[in-house]
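This report concerns only the one structure given below.
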Amino acid sequence: MVDGLRVCGAAATSAGVAFTLASISIVLLAIRRIMRNSEKGLHPMGKQTTGQPLIAPTCWRWVGERGLRVETGAMTLARYASLLSRNLSDIEDIIPADGSLLLILRRAARVSPEVRAALSALLDVAQTAVKGKRHEIVVDYGGAAGPDLPALAKRAGMSVAAYIDCHAATEYTVAFLGFQPGFPYLQGLPPTLQAARRASPRQQVAAGSVAIGGPYTGIYPAGGPGGWHVIGRTDAVLFDPERPAPALLIPGDRVRFVPA
């Protein structure tokens with residue numbers, strides 16, 4: 001445990017050598033007490049909260065000379081919003097991923113007390129909810145635009161029309177971007193629509209293709225190889241380097257699909 005943070009790997013072992021067994025026991029008892037209070041929706045200082053669980057990251061590790069990878073689990077967007085709201089001068093960029101955040105420190109910067117405090121701070125989920133923009137994206141489902149739709153509908157025990165209705169009825173949240181510039185991993189896909197990646201990836205998937213991979217649905221910003229199940233296509237431009245904000249969607253934005 002270093003300044004309130006648990007460091008992964010060898011750093012955690014070296015940091016803990018200085019503790020005596022008695023000190024460790026005291027720390028563990030304090031942590032258990034905080035966890036019990038958190039489960040009850042109580043702030044450690046006794047302040048009333050919204051009743052939502054208070055979550056802190058489990059550990060972090062260095063990635064290169066300037067990167068910190070912070071494990072965040074299901075609380076990635078909440079931790080992301082919390083860090084953004086602090087405007088930490090030592091941090092150059094914050095990049096959400098699947099269950100983690102990558103913090104890029106400014107050159108010559110160190111992990112300051114302010115950054116350590118931000119990473120170890122407990123989260124009130126309701127107070128740190130990301131309030132992104134809402135987008136409606138028109139999709140041409142099925143046919144040549146969505147060759148995998150019939151097979152996915154059959155697998156889910158639905159008609160094609162019911163599958164489309166279910167996919168379009170959900171409001172999704174952009175969890176993170178990856179794979180291609182501007183490719184959104186959209187969380188919120190109903191379990192009945194989820195499907196593992198294709199056994200054989202396609203060599204070419206058209207730009208704008210709306211697809212499903214595991215628990216996510218996404219949109220291919222550009223043409224290229226891809227292993228997700230393609231169920232439709234949109235004319236929306238997901239990434240344009242000439243725009244002031246090149247990516248149409250950013251983490252925390254909400255998306256609704258509208259059948260063409």
Side-chain angles (χ1 to χ4, degrees), residues 52 73-78 80 96-99 125-126 129-240 247-260:
Q52 296 291 333
M75 308 310 300
T76 300
L77 286 179
Y80 175 66
D98 192 5
V125 179
V130 181
K131 299 178 177 63
K133 295 181 180 178
R134 188 179 187 275
H135 304 261
E136 288 192 352
I137 295 180
V138 178
V139 178
D140 180 15
Y141 284 98
D148 296 322
L149 179 58
L152 286 186
K154 182 178 180 180
R155 178 182 179 277
M158 300 178 175
S159 66
V160 168
Y163 192 98
I164 293 172
D165 288 344
C166 186
H167 186 264
T170 300
E171 182 173 88
Y172 301 93
T173 301
V174 181
F176 56 96
L177 305 179
F179 174 60
Q180 293 177 345
F183 185 106
Y185 285 74
L186 303 174
Q187 63 185 19
L189 186 67
T192 53
L193 305 189
Q194 296 177 14
R197 291 167 51 93
R198 290 170 51 88
S200 299
R202 289 186 171 90
Q203 293 184 0
Q204 186 66 29
V205 175
S209 291
V210 177
I212 287 175
Y216 296 107
T217 188
I219 309 170
Y220 286 79
W228 287 21
H229 301 273
V230 178
I231 62 172
R233 192 179 306 158
T234 179
D235 291 331
V237 178
L238 274 290
F239 187 83
D240 181 354
L248 176 65
L249 306 174
I250 62 174
D253 279 1
R254 295 164 294 139
V255 174
R256 285 292 296 266
F257 292 111
V258 179

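Numbering of residues begins at 1 and proceeds along the displayed sequence.
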(message) Can you confirm whether Gln204 is buried at CD, in the sense that more than 12 heavy atoms of other residues, nucleotides or ligands lie under 6.0 Å from that atom?
(response) yes
(request) Identify the two heavy atoms, one from Arg202 and one from Pro147, that lie closest to each other, and give their separation to 0.1 Å. (result) NH2-CG, 3.5 Å
(message) Does any part of the side chain of His135, heavy atoms only, come nearer than 4.5 Å to the side chain of Pro184, both counted from C-beta?
(response) no
(request) Give every residue pair that meets the side chain to side chain donor-acceptor pair (under 3.5 Å) criterion with at least one member in residues 177-201, sequence neighbours excluded. (result) Asp148-Arg198
(message) If I take atom CG from residue Leu152 and atom CG from residue Leu193, how far apart are they, to the nearest 0.5 angstrom?
(response) 8.5 Å
(message) Counting the benzene-type ring for Trp, do Tyr172 and His167 have ring centres under 6.0 Å apart?
(response) yes
(request) Could you grab the distance from atom CZ of Phe183 to atom CD1 of Ile219, nearest 0.5 Å is fine? (result) 8.5 Å
(request) Determine whether Tyr163 and Tyr141 make a side-chain contact, defined as any pair of heavy atoms from C-beta on separated by less than 4.5 Å. (result) no
(request) Would you mind reporting whether Val210 and Phe257 have side-chain heavy atoms less than 4.5 Å apart? (result) yes
(message) Using every non-hydrogen atom in the two residues, find where Tyr220 and Gly227 come nearest and quote the distance to one decimal.
(response) OH-N, 3.6 Å
(request) State, to 0.1 Å, how close Thr170 and Pro190 come at their nearest heavy-atom pair, and which atoms those are. (result) OG1-CG, 3.5 Å
(message) I need the Cys166 SG to Leu189 CG distance, nearest 0.5 Å.
(response) 8.0 Å
(request) Output yes when a side-chain donor or acceptor of Thr234 lies under 3.5 Å from a complementary backbone atom of Val138, and no otherwise. (result) yes
(request) Write down the atom of Pro221, the atom of Gly182, and the distance for their closest heavy-atom approach. (result) CG-C, 3.5 Å
(request) Test Met158 against Asp165 for side-chain contact (heavy atoms from CB on, under 4.5 Å), laying out the working first. (result) CA-CA 10 Å; Met158 300 178 175; Asp165 288 344; over 6 Å; no
(request) Taking atom CZ of Arg155 as the centre, report whether more than 12 heavy atoms of other residues, nucleotides or ligands fall under 6.0 Å from it. (result) no
(request) Determine which pairs satisfy salt bridge (Lys or Arg N to Asp or Glu O under 4.0 Å) with at least one residue from residues 206-235, sequence neighbours left out, and list them in order. (result) none
(request) Of all the heavy-atom pairs spanning Ala247 and Leu177, show the shortest one and how long it is. (result) CB-CD1, 4.2 Å
(request) Could you pull out the closest heavy-atom pair between Leu77 and Pro251, with the gap in Å? (result) CD2-CB, 4.0 Å
(message) Is there a side-chain contact (heavy atoms from CB on, under 4.5 Å) between Leu149 and Ile164? Walk through the geometry before answering.
(response) CA-CA 9 Å; Leu149 179 58; Ile164 293 172; 3.8 Å; yes
(message) Return the CG to CD1 distance between Leu238 and Ile137, rounded to the nearest 0.5 Å.
(response) 6.0 Å
(request) Give a yes or no on whether the backbone of Gly252 and the side-chain of Thr173 come within a donor-acceptor separation of less than 3.5 Å. (result) no
(message) Quick one, Val174 with Val255, criterion side-chain contact (heavy atoms from CB on, under 4.5 Å). Give me CA distance, side-chain angles, the key distance, then yes/no.
(response) CA-CA 8 Å; Val174 181; Val255 174; 4.3 Å; yes
